[in-house]
Amino acid sequence: DLAGGTGDLTRLFSKRVGADGEIVTTDINNSMLEVGRERLIDQGLVKGIFFVQGDAESLPFAENSFDCVVIAFGLRNVTHKLRALESMYRVLRPGGVAMILEFSKPALPGLNKIYDFYSFTALPFMGRVIANDEDSYRYLAESIRKHPDQETLKGMMETAGFERTHYFNLSGGIVALHKGYKL
């Protein structure tokens, strides 16, 4: 679970892998890992879960270590996305799958204008009113706009070595789930 510091996906994965499975939650930010660790301890989930501080661009694991690598809403914040994809590919075992859940580009006609209005007007306004932090919400909108669209990210995954790459649009393409395999 890359960029998984808060442990949200780790908690869900722990149910999927069962008592004998193992999950490694990795984040570049050690403070976020501590938050996730504490949350999962409070929920009684510690068996088979490991927390490792690491950079997605250079994962601190041996080649062919994992059956699955997941990053949800984190690739957008990685400086060198292709390096991160190559690092994900390197640590996957043959037959393993990488899954990337990330904001993307709306695919439904007309949704782009509505989404842009929401992202660049309503979202920063709500950030200012609710969290007293307009800048972070403006950054969120800008980082989403700069992130590669579905086809570009699919191509980047293929460049990194992934095969049978494909994606599923969710919420009209506002979010997309990309999958690729190491064969």
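Not measured: the values here are computed from a predicted model.
With hydrogens and angles disregarded, no donor-acceptor distance shorter than 3.5 Å links the side chain of Asn64 to the backbone of Arg93. Counting only distance, with no hydrogens or angles, the side chain of Arg138 and the backbone of Phe125 share no donor-acceptor pair below 3.5 Å. Side-chain atoms of Ser58 never come within 3.5 Å of backbone atoms of Asp55 as a donor-acceptor pair (strictly under, hydrogens ignored). Of the possible donor and acceptor atoms, none in the side chain of Thr26 sits under 3.5 Å from a partner among the backbone N and O of Gly54. Here the side chain of Glu57 pairs a donor or acceptor atom with the backbone of His80 at under 3.5 angstrom. Between the side chain of Glu163 and the backbone N or O of Glu158, no donor-acceptor pair lies under 3.5 Å. A donor-acceptor pair is defined here as one N or O able to donate and one able to accept, closer than 3.5 Å; such a pair exists between the side chain of Lys105 and the backbone of Ile144. Without hydrogens or angle criteria, Asp67 side chain to Gly96 main chain gives no donor-acceptor distance under 3.5 Å. With Thr159 contributing its side chain and Gly155 its backbone, the two residues share a donor-acceptor pair below 3.5 Å. Side chain of Arg164 to main chain of Gly180: no donor-acceptor pair is present (N/O by atom type, distance under 3.5 Å, no hydrogens or angles).
Pairing each heavy atom of Lys81 with each of Arg76, the nearest pair is NZ-O, 3.4 Å. Nearest heavy-atom pair, Asp27 versus Gly5, reported as atom, atom and distance to 0.1 Å: OD2-N, 3.0 Å. The shortest non-hydrogen separation linking Val17 to Glu22 is CG2-N, 4.3 Å. In this structure, Ala176 and Asn169 approach most closely via the heavy-atom pair CB-OD1, 3.8 Å. Between Leu153 and His147, the shortest heavy-atom contact is CD2-NE2, 4.0 Å. Closest of all the heavy-atom pairs between Val78 and Ala84 is CG1-CB, 3.9 Å.
Here the CG-OG distance, from Leu92 to Ser65, works out to 9.5 Å after rounding to the nearest 0.5 Å. With rounding to the nearest 0.5 angstrom, the OG1 atom of Thr79 is 8.5 Å from the CZ atom of Arg83. Interatomic distance, Arg11 CZ to Ile49 CD1, rounded to the nearest 0.5 Å: 10.5 Å. Taking OG of Ser143 as the reference point, atom CG of Leu75 lies at 11.0 Å (rounded to 0.5 Å). Here the CG-OG distance, from Leu9 to Ser14, works out to 11.0 Å after rounding to the nearest 0.5 Å.
Cluster membership for Ile41 and Leu33, using ILVMFWY side-chain heavy atoms within less than 4.5 angstrom, is not shared. A chain of hydrophobic side-chain contacts below 4.5 Å, direct or via other Ile, Leu, Val, Met, Phe, Trp or Tyr residues, connects Met88 to Phe61. Side-chain heavy atoms closer than 4.5 Å link hydrophobic residues (I, L, V, M, F, W, Y) into clusters, and following such links, even through other members, never connects Tyr137 to Phe120. Both Leu111 and Val175 are part of a single hydrophobic cluster, where members link through side-chain heavy atoms under 4.5 Å apart. Note on Ile71: it does not cluster hydrophobically with Val97, by side-chain heavy-atom contacts below 4.5 Å among ILVMFWY residues.
Other residues, nucleotides and ligands contribute over 12 non-hydrogen atoms within 6.0 Å of the OH atom of Tyr115. Atom OH of Tyr118 is surrounded by 12 or fewer heavy atoms from other residues, nucleotides or ligands within 6.0 Å. In Asp42, the CG atom is crowded: over 12 heavy atoms of neighbouring residues, nucleotides or ligands sit closer than 6.0 Å.
At a threshold of 4.5 Å between non-hydrogen side-chain atoms, the residues Met99 and His178 do not count as touching. Counting only heavy atoms from C-beta outward, the side chains of Lys179 and Thr165 never approach each other to under 4.5 Å. The shortest side-chain heavy-atom distance between Pro94 and Leu183 does not fall under the 4.5 Å cut-off. A heavy-atom distance below 4.5 Å is found between the side chains of Ile100 and Met157.
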| request: Dump the intermediate steps for side chain to side chain contact (heavy atoms under 4.5 Å, CB included) on Val52 and Thr25, then the final yes or no. | output: CA-CA 6 Å; Val52 177; Thr25 301; over 6 Å; no

| request: Under the side chain to side chain contact (heavy atoms under 4.5 Å, CB included) rule, what do Glu34 and Phe51 come out as? Steps first, then yes or no, please. | output: CA-CA 9 Å; Glu34 288 301 320; Phe51 293 86; over 6 Å; no

| request: Test side chain to side chain contact (heavy atoms under 4.5 Å, CB included) on Val70 and Leu2 and set out the steps. | output: CA-CA 6 Å; Val70 175; Leu2 300 181; over 6 Å; no

| query | So Ser119 and Asp116, side-chain hydrogen bond (donor to acceptor under 3.5 Å, both in side chains) or not? Walk me through it. | reply | CA-CA 5 Å; Ser119 298; Asp116 277 351; 5.3 Å; no

| said: Run the side chain to side chain contact (heavy atoms under 4.5 Å, CB included) test on Asp1 and Val69 for me, step by step, so that the C-alpha distance in whole Å, both residues' side-chain angles and the decisive distance to 0.1 Å come before the verdict. | reply: CA-CA 6 Å; Asp1 182 9; Val69 177; over 6 Å; no

| query | Run the side-chain hydrogen bond (donor to acceptor under 3.5 Å, both in side chains) check on Ser104 and Gln150 step by step: do they pass? | reply | CA-CA 6 Å; Ser104 202; Gln150 292 89 322; 2.9 Å; yes

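For the pair Arg128 and Asp135, the salt-bridge criterion is not met [side-chain N within less than 4.0 Å of a carboxylate O]. Ion pairing between a basic and an acidic side chain is recognised when a charged N comes within 4.0 Å of a carboxylate O; Glu142 and Arg145 show no such pairing.
Using modelled atom types, one finds a donor on one side chain and an acceptor on the other under 3.5 Å when comparing Asn77 with Tyr139.
Classification of the Phe168-His166 ring pair by plane angle, with boundaries at 30° and 60°, yields perpendicular.
Residues Phe162 and Tyr181 keep their aromatic ring centres 6.0 Å or farther apart.
Both tests pass for Lys182 against the ring of Tyr89: distance under 6.0 Å to the centre and angle within 45° of the axis.
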